[in-house]
Protein chains: 2
Amino acid sequence: MRVLVVEDDHALAEVIAEGLRDQGMAVDLAHDGLAAAAKLDLASYDVVVLDRDLPGLHGDTVCQMITDRAARPMVLMLTAASAPGDRVSGLTLGADDYLAKPFHFPELVLRVHALARRKPDARPRTLRAAGIELDPVRRIAVRDGRQLVLSVKEFAVLEALLRTSPGFLSAETLLEQVWDENADRFTNTVAVTIGRLRRKLGDPPLIATTPGIGYHIA
Amino acid sequence: MRVLVVEDDHALAEVIAEGLRDQGMAVDLAHDGLAAAAKLDLASYDVVVLDRDLPGLHGDTVCQMITDRAARPMVLMLTAASAPGDRVSGLTLGADDYLAKPFHFPELVLRVHALARRKPDARPRTLRAAGIELDPVRRIAVRDGRQLVLSVKEFAVLEALLRTSPGFLSAETLLEQVWDENADRFTNTVAVTIGRLRRKLGDPPLIATTPGIGYHIA
DNA sequence: GAGGACTTAACAACAGCATGACAACGCCGC
DNA sequence: GCGGCGTTGTCATGCTGTTGTTAAGTCCTC
């Protein structure tokens, strides 16, 4: 899952980003509205965590820019003020959920997950395919009754593959979906991660390769 | 992402191409309108970066050729002139975005990305015939509920046959459609690929041969 | 049964991918 | 702070499946 955090307080932004990364999300940062707009053009996000009080372009404006689009990410608006009116106008502007600072971090995580599930191309609570059962929120993966111990990246790759099943995912697309903007495009880290994932998945082989096309769940 | 850069200034063309390649894009070059037209027939691009002042075929003409098509790439028009009228006529001709030389390179990159994301998903419905279901976008082929694992060429040949169904495709036509312009006309590779495809399709036979005419879906 | 047209098997070349070893990094307990 | 541990990315190397080719085999027509 790919998330954009828009927050002018650098320290807070880092805290949020790190916390979400621990959850296996690919997180990009923007510290003002303009940077956010640029990043939104460069990648497609599942969720945007958006501070309402931004320098330059106001959060409300950014929110409208996002929600004007056809295929848009879900927006979780953060606000310092807790005036009840804010909630209303925020939602009116098209934010999909609302969270007042200060907030408990676990709640932020929960809401981001919940928003991702509400997306039009929604992801079900648990993904199932070919003897695999995967719970993205609780981060549990089971194959044939046996629980798998996966690293953050391995889990994210497996989730992406299951979501796309029975379709294909190229290494390039996986880089976009699972890694963040700092990923080197000419690396073979995807191949390595797939390899490690395959080993943990055990037999029979679950992930198949079609040279020149990508990976898919067999 | 696949990009065609059409620019008669070889040095500038190289600079643009290299810069876009650094962004992980697959970039082809054309130095005049005719070459551009030829390449556009041979491959499907996501974005065309098009210089307006081209020798031979003018950029405007090339732009119209592109935008007349159904499944067309997005066009970013480059122009030396910055007269305000240019922008209007350029966009009128169907360019999707406009950039005046000299430009800042990061801006070019941003706009190419933005265009790619604006590109409407060509949604060619799944192709169906005789128990076969084929989704060119997700690259899935299913026969009687069983997913087929096809190589790049095999898939392309099957797709071509289904698109032409119930018509015929000669080996020569298949060579043109699936292989590139440099393919040896006296090769046997089409027949071999058809053979391998038949084996993967299994029984009952799906691809029939009419000697002297070509192949078709039975 | 001779000839043409297509099919098939076997092989070699190649690109793309897989893999093991290693290094860098952060995390944790002590 | 230090050493151990797991994760992640990089690199070099080896391997595997795909692809095009050649040549032998099959089928049909005349």
Side-chain angles (χ1 to χ4, degrees), chain A residues 14-15 17-27 139 141 148-158 160-161 168-175 178-203 205-216 218, chain B residues 24 26 139 141 148-158 161 168-203 205-216 218:
Chain A
E14 271 306 327
V15 170
E18 281 312 310
L20 293 178
R21 285 190 187 120
D22 286 348
Q23 295 285 313
M25 304 178 189
V27 183
R139 284 192 32 78
L148 302 169
V149 181
L150 302 181
S151 79
V152 173
K153 292 289 186 220
E154 289 157 5
F155 192 92
V157 166
L158 181 58
L161 283 170
F168 287 77
L169 275 180
S170 68
E172 201 183 343
T173 311
L174 273 170
L175 252 195
V178 174
W179 279 259
D180 62 29
E181 58 185 342
N182 300 318
D184 174 9
R185 289 183 181 75
F186 303 102
T187 182
N188 81 329
T189 180
V190 175
V192 173
T193 304
I194 290 275
R196 304 204 239 253
L197 184 52
R198 277 184 173 133
R199 195 180 314 162
K200 289 195 183 174
L201 285 169
D203 282 325
L206 184 76
I207 302 174
T209 308
T210 301
I213 300 298
Y215 303 95
H216 71 114
Chain B
R139 223 203 84 95
L148 303 169
V149 180
L150 302 180
S151 78
V152 175
K153 294 287 187 217
E154 289 156 6
F155 192 91
V157 167
L158 181 57
L161 283 170
F168 288 81
L169 274 180
S170 68
E172 200 181 345
T173 312
L174 273 170
L175 250 197
E176 281 176 18
Q177 291 195 11
V178 174
W179 281 260
D180 64 30
E181 52 185 334
N182 304 318
D184 175 11
R185 289 195 187 291
F186 305 104
T187 182
N188 187 29
T189 183
V190 175
V192 173
T193 303
I194 290 275
R196 302 205 242 250
L197 184 52
R198 278 182 171 136
R199 194 183 315 163
K200 288 195 183 175
L201 285 169
D203 283 325
L206 184 78
I207 301 174
T209 309
T210 304
I213 304 295
Y215 302 95
H216 74 281

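All of these numbers come straight from a predicted model, not from anything done at the bench. Below, chains carry the letters A, B, ... as their sequence lines are ordered, and counting in each starts from 1.
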- Message: Does Leu148(B) form a side chain to side chain contact (heavy atoms under 4.5 Å, CB included) with Phe155(B)? I'd like the steps, not just the answer.
- Response: CA-CA 9 Å; Leu148(B) 303 169; Phe155(B) 192 91; over 6 Å; no
List, with names and distances, any nitrogen or oxygen atoms from the protein found under 3.5 Å away from nitrogen or oxygen atoms belonging to nucleotides 27-29 of chain C.
none

- Message: Tell me whether the side-chain N or O atoms of Arg196(B) pair up with the base of dG20(D) as donor and acceptor below 3.5 Å, since no angle test is needed here.
- Response: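 Such a pair exists between side chain and base.
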Kindly say if [X] contacts the phosphate of [N], meaning a side-chain N or O under 4.0 Å from OP1 or OP2.
X	N	answer
Tyr215(A)	dG16(C)	no
Thr193(A)	dT8(D)	no
Thr189(B)	dG20(D)	yes
Arg199(B)	dA9(C)	yes

- Task: Nearest 0.5 Å please: distance from the CZ atom of Arg196(B) over to the CD1 atom of Ile194(B).
- Result: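 Separation between the atoms: 12.0 Å.
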- Query: Taking atom CG of Leu161(B) and atom CG of Leu206(B), what is their separation to the nearest 0.5 Å?
  - Reply: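 Leu161(B) CG to Leu206(B) CG: 8.5 Å, rounded to 0.5 Å.
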d([atom1], [X]; [atom2], [N]) in whole Å:
X	N	atom1	atom2	result
Ile213(A)	dT16(D)	CD1	P	22 Å
Leu197(B)	dG17(D)	CG	P	19 Å
Ile194(A)	dT8(D)	CD1	P	14 Å
Leu169(A)	dC17(C)	CG	P	14 Å
Lys153(A)	dG26(C)	NZ	P	14 Å
Leu158(A)	dT7(D)	CG	C1'	17 Å
Leu175(A)	dC17(C)	CG	P	13 Å

Answer with base, sugar-phosphate or nothing: what part of the nucleic acid does [X] contact at a heavy-atom distance below 4.0 Å?
X	result
Thr209(A)	sugar-phosphate
Phe155(A)	nothing
Val192(B)	base

Strictly under 3.5 Å: I want the nitrogen or oxygen pairs between protein and nucleotides 26-30 of chain D, one per line.
none

From the set [options], return the single nucleotide nearest to any side-chain atom of [X].
X	options	value
Trp179(A)	dT18(D), dG9(D), dA18(C)	dG9(D)
Thr187(B)	dT21(D), dA5(C), dT7(D)	dT21(D)
Arg198(B)	dG16(C), dT21(D), dT7(C)	dT7(C)

- Determine the minimum heavy-atom distance between Leu158(B) and Ala141(B), stating which atoms define it.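 Scanning both residues, the minimum pair turns out to be CD2-CB, 4.4 Å.
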- Query: Can you name the nearest heavy-atom pair linking Thr210(A) to Arg139(B), along with the distance?
  - Reply: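 Minimum heavy-atom separation between Thr210(A) and Arg139(B): CG2-NH2, 3.8 Å.
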- Item | Bend angle of the helix from dG1(C)-dC30(D) to dC30(C)-dG1(D), end axes from five pairs each (to 10°) |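 Axis-to-axis angle, ends of the helix: 40°.
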- Message: Please compare Glu154(B) and Asn188(A) by the position of their nearest nucleotide in DNA chain D and report the one closer to 5'.
- Response: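 The 5'-side residue here is Asn188(A).
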- Task: Establish, from distance only, whether the side-chain atoms of Arg198(B) and Thr193(B) form a donor-acceptor pair under 3.5 Å.
- Result: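 On atom types as modelled, these side chains do not qualify, holding no pair under 3.5 Å.
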- Result of checking Thr173(A), Leu174(A), Val157(A) against Tyr215(A) for side chain to side chain contact (heavy atoms under 4.5 Å, CB included):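 Option passing the side chain to side chain contact (heavy atoms under 4.5 Å, CB included) with Tyr215(A): Leu174(A).
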